[in-house]
Amino acid sequence: PPASPARQGSRSLREAWREEFSAQARGGATCRRGAPCRRGGARCRPMVLAFLLPRLCRLQPCLAMSTATGTFSMQQPLNYRAGGRVEPVDGGQTEDVYEPATGRVITKLLCSGEKEVDLAVQSAKAAFQTWSRTSGMERCRVLLEAARLIRERRDEIATLETINNGKSILEARVDIDISWQCLEYYAGLAGSLAGEHIQLPGGSFGYTRREPLGVCVGIGAWNYPFQIACWKSAPALACGNAMVFKPSPFTPISVLKLAEIFTEAGAPKGLFNVVQGGVATGQFLCHHPDVAKISFTGSVPTGVKIMEMAAKGIKPVTLELGGKSPLIIFSDCSLENAVNGALMANFLTQGEVCCNGTRVFVERKILDTFTKEVVKRTQKIKVGDPLQEDTRMGALINRPHLERVQRFIKQAKEQGAQVLCGGDLYVPDDPKLKNGFYMQPCVLGNCRDDMTCVQEEIFGPVMSILPFDTEEEVVERANNTKFGLAGGVFTRDIQKAHRVVAALKAGMCFINNYNISPVELPFGGYKSSGFGRENGRAAIEYYSQLKTVCVEMGDVESVF
Ligand SMILES: NC(=O)C1=CN([C@@H]2O[C@H](COP(=O)(O)OP(=O)(O)OC[C@H]3O[C@@H](n4cnc5c(N)ncnc54)[C@H](O)[C@@H]3O)[C@@H](O)[C@H]2O)C=CC1
Ligand SMILES: C[N+](C)(C)CCCC(=O)O
């Protein structure tokens, strides 16, 4: 998008940085103007850095020297309150934050205590006073500007996401695109939020006002750190709320970019705050009496605890929890699309996706052909350095999680499943990656519905293939789970497609595709996968409340 003249100066510097930044991340030899470097990138780069670094220290305080794999380190402080980065005033417990690609510690996280949480909430409360009185159009402008800034810094934010989460840079860029689209979408809705006018007898009338809730808390998971923060803050802010966000302690970094961008886009200081920490910090947030709403993304057991805490304060909650979603492949599908769909449904973000279609039901007639093709394509997935352009699968979030996924595969074998490909740890040749958390994507055959790998959410790159014979049978088996986040069907028969998705007990269903994320569509679960919706118009309901005003135009007829 074209920059306004007022922004040109700082923008050209940022662009120069971005080009250098992307070149470093790629490890490629490009010069500052993005052209192939005739003088050799290695020699050219120090000159560019000598020019840029003093300025960057001011502009980009959270970025240290270099961002190529194995070189990034994050500077303190990591909390964001009242429009700036701050050290927590209390807390004290520290956690290591990793770069999954190399297993290096990139920073220490200071977990925020009760006082710091209170200061963040008070900061949000103060910003709410002004923000909640702005018009929808004023909010629209701030959100649009924030969306524009995210879009402008897409590569920089995606690189941070890749370094801290381990997903491929290709995927991280898509995540950032979905993030700014989400802000644009709610910017568009902000100006049209309105109540109703209702005529009553005798000229009296009523009307409704759609009002914000107050200070909303967002608690995020580690698989889509920046995107989750946008999915929560965009509708919250559009409705006139303020937010305190707590990312997962595994991925505390990229959300600071969002906080800085909101401030730069003109949001009042304190409108969007970040407190870092784990379980205890989350509990302080949920119990805080000035918090009006909690929106949570994470596991089912934590979701239960969040709801219990919210119940004590009668706070509304949105819960985006786990899943074990079915993907149903009928024999009349386009095989090529179905295979692509199954890969999309299982292997994005190293399989660490809540709505993944990990139970792949395949009509027996095409079981062998489908399985052969899926295995062939899975074996071709390039695992490795997530900042390399040709990598398609990076590293899992941390060592304990990698080991947990490995245990699921071991147990699947013990229960009779057959490993058709992958499943082993992967050690890249590059020595700097040898302590990274990599594994080969895995396809399991010979699966039965009662196996642990088919019942439990693995949250790793493991697909289970299950044969079926009839539509009725597969719908029943697909629904036979405590979860209900998503589901998919591949068929060329349109009646069958709609009949099957209508029968699926899941909040997000796909026909002839899987795991795409148009921000216009509501997203959320049935059953143990949670309730409330993110994205789409529906999310407005979860970040606002209706006030009814009844207006008497005549005299009061008293019964007394
Ligand atoms: N439905 C959805 O949209 C998504 C669901 N998930 C689910 O999340 C899980 C993986 O994410 P994790 O971060 O490991 O989940 P988790 O439930 O352990 O943690 C999620 C967040 O809650 C915080 N937290 C943990 N205990 C808390 C407590 N007692 N009170 C307040 N906050 C607390 C954590 O610090 C983190 O920020 C998977 O099971 C996955 O299915 C993940 C992404 C998206
Ligand atoms: C973006 N998408 C659809 C692949 C996943 C979003 C839900 C999650 O946070 O896991």
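Atoms within each ligand, like the ligands themselves, are counted from 1 in listed order.
Every residue meeting the side chain to side chain contact (heavy atoms under 4.5 Å, CB included) condition with S529, not counting sequence neighbours, appears here in chain and number order: F483, L485. The ring pair (Phe, Tyr, Trp, His ring centres under 6.0 Å) check on F510 picks up Y514, with sequence neighbours excluded.
For the pair K246 and F284, the cation-pi criterion (under 6.0 Å, within 45° of the ring axis) is not fulfilled. In this structure, K293 forms a cation-pi arrangement with Y543, its terminal cationic atom sitting closer than 6.0 Å to the ring centre and no more than 45° off the ring axis.
The distance between the ring centers of Y224 and W231 does not fall below 6.0 angstrom.
Using a distance-only test at 3.5 Å, with no hydrogens or angles considered, a donor-acceptor pair links the side chain of T263 to the main chain of A259.
Taking a 6.0 Å sphere around NZ of K527, one finds it holds more than 12 heavy atoms contributed by other residues, nucleotides or ligands.
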Are there any protein N or O atoms under 3.5 Å from the N or O atoms of ligand 2? List them with distances, or say none.
{"unit_1": "ligand 2", "atom_1": "10 (O)", "unit_2": "N223", "atom_2": "ND2", "d": "3.1"}
{"unit_1": "ligand 2", "atom_1": "10 (O)", "unit_2": "C354", "atom_2": "N", "d": "3.2"}

For a distance cut-off of 3.5 Å, show me each N or O of ligand 1 paired with any protein N or O, plus the separation.
{"unit_1": "ligand 1", "atom_1": "1 (N)", "unit_2": "E320", "atom_2": "O", "d": "3.2"}
{"unit_1": "ligand 1", "atom_1": "1 (N)", "unit_2": "L321", "atom_2": "N", "d": "3.1"}
{"unit_1": "ligand 1", "atom_1": "1 (N)", "unit_2": "L321", "atom_2": "O", "d": "2.4"}
{"unit_1": "ligand 1", "atom_1": "8 (O)", "unit_2": "G298", "atom_2": "O", "d": "3.2"}
{"unit_1": "ligand 1", "atom_1": "8 (O)", "unit_2": "S299", "atom_2": "N", "d": "3.2"}
{"unit_1": "ligand 1", "atom_1": "13 (O)", "unit_2": "W222", "atom_2": "NE1", "d": "3.2"}
{"unit_1": "ligand 1", "atom_1": "14 (O)", "unit_2": "W222", "atom_2": "NE1", "d": "3.0"}
{"unit_1": "ligand 1", "atom_1": "15 (O)", "unit_2": "S299", "atom_2": "N", "d": "3.4"}
{"unit_1": "ligand 1", "atom_1": "17 (O)", "unit_2": "S299", "atom_2": "N", "d": "2.9"}
{"unit_1": "ligand 1", "atom_1": "17 (O)", "unit_2": "S299", "atom_2": "OG", "d": "2.7"}
{"unit_1": "ligand 1", "atom_1": "17 (O)", "unit_2": "T302", "atom_2": "OG1", "d": "2.8"}
{"unit_1": "ligand 1", "atom_1": "35 (O)", "unit_2": "K246", "atom_2": "NZ", "d": "2.8"}
{"unit_1": "ligand 1", "atom_1": "37 (O)", "unit_2": "G220", "atom_2": "O", "d": "2.7"}
{"unit_1": "ligand 1", "atom_1": "37 (O)", "unit_2": "K246", "atom_2": "NZ", "d": "2.9"}
{"unit_1": "ligand 1", "atom_1": "39 (O)", "unit_2": "E457", "atom_2": "OE1", "d": "2.8"}
{"unit_1": "ligand 1", "atom_1": "41 (O)", "unit_2": "E457", "atom_2": "OE1", "d": "2.8"}
{"unit_1": "ligand 1", "atom_1": "41 (O)", "unit_2": "E457", "atom_2": "OE2", "d": "2.6"}

Open item on the list: I'd like to know whether V275 forms a side-chain contact (heavy atoms from CB on, under 4.5 Å) with F245, so could you lay out the CA-CA distance, the side-chain angles of the two residues, the decisive distance to 0.1 Å, and finally the verdict.
Closed with: CA-CA 6 Å; V275 289; F245 189 84; over 6 Å; no

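For the pair L143 and F262, the minimum side-chain heavy-atom distance is below 4.5 Å.
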